[in-house]
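As the structure is a prediction and not an experimental result, all values here were calculated from the model. Both ligands and their constituent atoms are indexed starting at 1 by order of listing.
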Amino acid sequence: MKAARAEGGPGPAGSPPWWKSGVVYQVYPRSFQDSNADGVGDLPGIAARLDHLTALGVDALWISPFYPSPMKDFGYDVADYTGVDPIFGTMEDFDRLLAAAHGRGLKVIIDWVPNHTSDQHPWFQASRRSRADPQRDYYLWRDGRPGGGLPNNWLSTFGGPAWTFDPRTGQYYLHSFLPEQPDLNWRNPEVRAAMLETLDFWLRRGVDGFRIDVAHHLMKDPDLRDNPPSTARSEFHKPMGEFDSQVHLYDRNHPDIHRIYREIRLLLDAHGKGQPRVSIGEIHLFDLPELVAFYGADQDEIHLPFNFTLLRTPWAAAAVRRTVDAMEAALPAGAWPNWVLGNHDESRVASRLGAVAARSAMLLLLTLRGTPTLYYGDELGMADVPIPPERARDPWGRRVPGLSLGRDPERTPMHWDGSESAGFTAPGVEPWLPLAADAGRQSVEAQARDPGSMLALTRALLSLRRSRAALHQGSYRPLDGTPGDVFAFLREEGEDRVLVAVSFAAHPVRLSLPERPSGILASTHPHPALEGPHRLSLRPHEGVVIELGQ
Ligand code: GLC
């Protein structure tokens, strides 16, 4: 029973469950494929592009929210947890997509947004109607401080105070994000039961798991104490303006939060017989003990608390190794790591690191120990697209001007082919966000023909990862004594042993190998070559995977 809980259900005999050995691919549904010529991607569009995912070689797709929503935060403001927004299609379209994915052996993970609803959700509509409403306590309502101040000093992630006054009932409600995203009161057992029912709804429909939005936010200090001022900033933190002026001690991650994830885990496990279901938590905590606490004391909470540490690590060998080693050391025994290099909230990896280093970053992502999540378009090396001010859509960017917090550049349409709209939407239709200028040249179609492309590299790495137990389930051991610009590590599973070496230098470097390799399995550069039996020369930003003697 305990073993089954830790694994999230059985995999085929002897093999790890899919969420450990597999690779997750994130689809931002507005931007993947439009099937009805309205300029916005949709569920039938995703279904039509599943061949790309199987040719790529990923195992699961995670679809960002497609629920009915006023789209103030593009679906992260949910008005109905058990429906499909017409802009994305219908419930039948979802069922068809799920069946088509399953038919190809792909798992489907959906986004679940439990911290807040839309202000248009019927619960909030009822809650704001009167102080006596039976659903009043579904949200966090408070009086202002005597003299008319806000209930406390908490700030919204998206700028400004986290409280909005509602004149109808003369109280403030809490919103950790937009005023149109009121926070649910997870201390109310009715809220817990109602939200768990929404999980049950999708589990019964057959989804393979959930990505839990801002999973660390659900439980706040019961006394709603003021946050203390902050003087230091975590090295991993993205600069967020006024929000950084406080230590976020009381507005999230109250220890009670772990009870909720134990309860959710029981639900997933109850549905997991024969079909392991997985939970992935979006947790922006960079104190590693706090983050790994979400695996659960008995690994009975979230299977994969998202590990965002690489996103903010300076791209240098020593720093990256430090990040990887620190996470490996922080993991509770038996907990399975995971790695992320991009998502719909972060500047694209090709823009952060440049096109050449993005290739070795991809090699690293797909060879480190743990489950990788790949953001759509990163397999093409898609870059951030400059958005003219009049086309800006993301509310964060518009509410906190001057800090480039807008997330539109990393959410632009996928590049499929050389046609007018790069195959994303019908000719003559304006996509909801502008396409990259090089969309046609850097499309799936064009890169599939080019053996040197990012797409070809990603496919080769995914195929190698699948075929080598060392890569998809083996141990991790960093190699000491490498030149300062090189991060190298061993992955081993029984007889299967590989060495991964990545250069972070802008010049060639030589690496002495600890033992005689039997061959080079992959490289970010064409024609990698050994320089004698124990020596390898790495070109600028080259990454290689080497097979060691068996
Ligand atoms: C998460 C999502 C982000 C969203 C926010 C509020 O961070 O990834 O896109 O805006 O939560 O729901």
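Of all atoms in ligand 1, listed by their number and element, those nearer than 4.0 Å to a heavy atom of Arg411 are 9 (O). Near His116, with a cut-off below 4.0 Å to any heavy atom, the atoms of ligand 1 are 6 (C), 12 (O). Of all atoms in ligand 1, numbered sequentially from 1 with element shown, those under 4.0 Å from a heavy atom of Phe177 are 6 (C). Interface of Arg407 with ligand 1, defined as ligand atoms under 4.0 Å from a residue heavy atom, comprises 3 (C), 4 (C), 9 (O), 10 (O). Heavy-atom contacts of Phe158 reach the following atoms of ligand 1: 10 (O) (cutoff under 4.0 Å). Those atoms of ligand 1 that come under 4.0 Å of a heavy atom in His344, given as number and element, are 2 (C), 3 (C), 8 (O), 9 (O). For ligand 1 and Val214, the ligand atoms under 4.0 Å from any heavy atom of the residue are 1 (C), 7 (O), 11 (O).
In this structure, atom 8 (O) of ligand 1 lies nearest to the protein heavy atom Asp345 OD2, 2.5 Å. Among all non-hydrogen protein atoms, the one lying nearest atom 1 (C) of ligand 1 is Asp213 OD1, 2.8 Å. Scanning all protein heavy atoms for the shortest distance to atom 7 (O) of ligand 1 gives Glu282 OE2, 2.7 Å. Counting only heavy atoms of the protein, atom 6 (C) of ligand 1 lies nearest to Asp73 OD2, 3.4 Å.
Distances from ligand 1 to the non-hydrogen atoms of Phe74 include no value under 4.0 Å.
The distance between the ring centers of His175 and Tyr173 falls below 6.0 angstrom.
Under 4.0 Å from ligand 1, not a single heavy atom of Glu346 appears. If you look at Arg211 next to ligand 1, the close heavy atoms, those under 4.0 Å, all belong to the side chain. When non-hydrogen atoms are compared, ligand 1 lies under 4.0 Å from neither the backbone nor the side chain of Phe306.
There is no side-chain donor-acceptor pair under 3.5 Å between Tyr375 and Glu346.
Ring geometry for His248 versus Phe243: interplanar angle under 30°, hence parallel rather than tilted (30 to 60°). Ring geometry, His284 versus Phe308: the interplanar angle falls under 30°, so the pair is classed parallel (tilted spans 30 to 60°).
Glu410 CD to Leu433 CG: the interatomic distance, rounded to the nearest 0.5 Å, is 10.0 Å.
Checked for salt-bridge contact, Arg262 and Glu301 meet the test: a charged N lies under 4.0 Å from a carboxylate O.
The side chain to side chain contact (heavy atoms under 4.5 Å, CB included) with His254 is formed by just one residue from the set Lys220, His217, Arg187; it is Arg187.
Because its NZ or CZ atom is both nearer than 6.0 Å to the ring centre of Tyr376 and within 45° of the ring axis, Arg348 counts as a cation-pi partner of that residue. A cation-pi arrangement is absent between Arg211 and Trp112 under the rule of less than 6.0 angstrom and at most 45 degrees off the ring axis. Geometrically, Arg136 engages Trp141 in a cation-pi contact, judged by NZ or CZ lying under 6.0 Å from the ring centre and within 45° of the ring axis.
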